[in-house]
Number of protein chains: 2
Amino acid sequence: MIKDININTKLTAIIGTDIGHSKSPAMMNAAFRELGLDYYYFPMNIKEDDFSDVIRGISKMNFAGLTITIPYKIEVIKYLDEIDRTAQIIGAVNTVKIEDGRLKGYNTDGEGFVRGLEADKGVNIADSAFVVTGAGGVSRAIMTVLASRKAAADKKQNGINISSCDKKIYLANRTFEKAEELCRKLNELVCDCCVPLHLNEELRAYIKKADVLINATNIGMPPFENETPINSDMIHNGLLAADVIYNPRKTKFLKQAEEAGCDIVNGQSLLLHQGKIAFKIWTGLEAPTTVMFKAVFGSEEHKK
Amino acid sequence: MIKDININTKLTAIIGTDIGHSKSPAMMNAAFRELGLDYYYFPMNIKEDDFSDVIRGISKMNFAGLTITIPYKIEVIKYLDEIDRTAQIIGAVNTVKIEDGRLKGYNTDGEGFVRGLEADKGVNIADSAFVVTGAGGVSRAIMTVLASRKAAADKKQNGINISSCDKKIYLANRTFEKAEELCRKLNELVCDCCVPLHLNEELRAYIKKADVLINATNIGMPPFENETPINSDMIHNGLLAADVIYNPRKTKFLKQAEEAGCDIVNGQSLLLHQGKIAFKIWTGLEAPTTVMFKAVFGSEEHKK
């Protein structure tokens with residue numbers, strides 16, 4: 001239940017083609033309500049031919065922000081007046097801020113995921129070696145932010161060159177060329193710390209030396225819920241295993257990692273932190289973590 | 001309070017430039033709720049330069065209908081795929097039905113007002129003589145529907161020619177030429193029963209013979225609340241005096257008419273019946289009168 005929308009209410013919405021099951025409306029409205037803000041968030045399925053008219057119309061209506069999801073994360077870019085540098089490098093936008101008819105695009109997928117690792121698991125990105133599987137959209141976002149963190153640490157530490165140590169970001173993908181291309185781009189634009197891997201003994205060797213192992217593919221999500229991106233015999237005790245998938249909450253990959261003695265983090269963390277970042281972008285305020293987590297995941301406590 | 005908007009919710013909205021005080025959202029949402037329909041109605045102020053983008057965008061979003069108010073009732077016509085014949089004659093649209101991206105325009109101002117006279121006061125339009133003051137948008141709408149009712153009766157009665165009897169519609173306006181032009185148009189297109197009047201003894205003479213006296217000007221509404229379109233000495237016992245204004249509920253015109261012993265009807269009737277017609281256009285269902293009236297006018301009973 002929400003209070004009625006009036007002429008001053010700032011509307012926000014998630015736009016895609018198949019978003020009936022999105023948990024974002026419950027999460028974002030709980031946050032607005034908690035802070036007593038006159039904002040409202042709702043879901044909208046838009047046909048591909050209609051996206052252009054809808055985005056132009058929304059920019060002139062009483063909207064303050066949008067969450068953009070599949071298949072519009074790339075297409076939306078051409079309607080923006082401004083784009084955040086990270087989103088530009090990723091080449092995809094999932095969050096839009098609307099102010100005076102002007103649209104500014106952001107990508108919170110990578111930042112949300114990485115903040116989850118930092119805030120919920122205390123990971124120091126600069127000091128950790130990562131193996132990431134998958135080179136699709138979410139992977140690009142995560143890789144870009146991981147590399148940005150290393151670049152920032154590099155600059156701060158002034159002299160300690162991350163590209164010369166082995167705390168790098170290793171990217172494994174079924175099509176090696178795609179991993180190679182993404183790494184080359186990030187090495188040029190962000191930080192020279194990304195290394196593509198072949199899916200063979202090379203992968204096994206780098207997982208052995210890694211601190212964090214990330215699944216950024218859709219393997220583990222229906223209809224692939226009985227599959228895993230990494231053979232269980234490659235997983236060792238001491239890794240933090242992280243998955244971008246939140247449904248199921250524990251993918252086959254995370255189950256195997258837990259059995260091997262790893263600490264794990266699932267896609268709930270990404271969803272929550274990405275929502276918090278969008279909330280901050282739209283309202284300028286810190287998001288209320290606990291009510292947001294509760295609204296999406298029920299009575300479960302959000303563990304720091 | 002409303003239930004949350006989901007991907008299946010049919011949105012409806014009132015669009016204008018200054019609609020903060022509109023009573024339509026409360027009225028329409030009460031009706032949707034009463035029938036358990038997954039519709040939601042909210043107000044939106046749109047800048048004049050933005051109307052075109054907004055109307056195109058809305059036609060591709062999850063909207064089922066719009067109420068169009070000042071200053072867009074004429075401009076909206078060029079975005080319609082279809083227009084109701086009465087709205088076309090009136091030359092203004094205040095209600096739009098949206099289906100599969102197609103927009104059909106209606107005008108419910110005249111029909112709402114006339115149904116109010118019929119349903120709430122038992123007026124038989126064909127058998128009554130009307131004096132209407134004002135030749136602006138609302139007057140055009142009312143005149144068109146009054147004339148249509150007479151035309152329909154004319155056809156039904158097959159032989160009794162309304163244009164030859166004196167149960168006509170007399171139109172008085174400060175600028176005589178405007179009244180003359182509107183009458184000429186309606187006499188041609190709808191029914192030969194409209195007569196323009198000069199604001200002098202001619203007006204007095206026709207009010208004397210009239211059954212219903214209608215104020216369709218904004219005289220009586222702030223900042224003109226101390227003015228009246230008709231001198232009180234022209235009003236006689238036996239008239240039904242009707243005003244399109246609902247705020248104040250009793251204009252100076254209605255007060256004077258009541259003092260003279262007339263039955264009166266204020267703009268609440270127009271607002272309610274127009275809302276009921278829009279509800280029917282959008283949902284196909286009969287609107288729940290009592291809850292709608294209560295939502296707008298509080299605890300007052302809706303008197304038949």
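Below, read A as the first sequence line, B as the second, and so on, with proteins coming before strands; counting in each chain starts at 1.
In this structure, chain B has no heavy atom under 4.5 Å from any part of A:Ile15. Of the two parts of B:Pro25, neither the backbone nor the side chain holds a non-hydrogen atom closer than 4.5 Å to a non-hydrogen atom of chain A.
When all heavy atoms of A:Pro71 and A:Glu48 are compared, the pair lying nearest together is CG-OE2, 3.7 Å. Considering every non-hydrogen atom in both B:Glu111 and B:Ile277, the closest pair reads CG-CD1, 3.4 Å.
Between B:Ser59 and A:Asp53, every side-chain heavy-atom pair lies at or beyond the 4.5 Å cut-off.
When only modelled atom types and interatomic distance are considered, B:Asn94 and B:Asp109 share a side-chain donor-acceptor pair under 3.5 Å.
Each of B:Gly57, B:Pro43, B:Ala26, B:Ser52 has some count of heavy-atom pairs under 4.5 Å with chain A, and the biggest count is that of B:Pro43.
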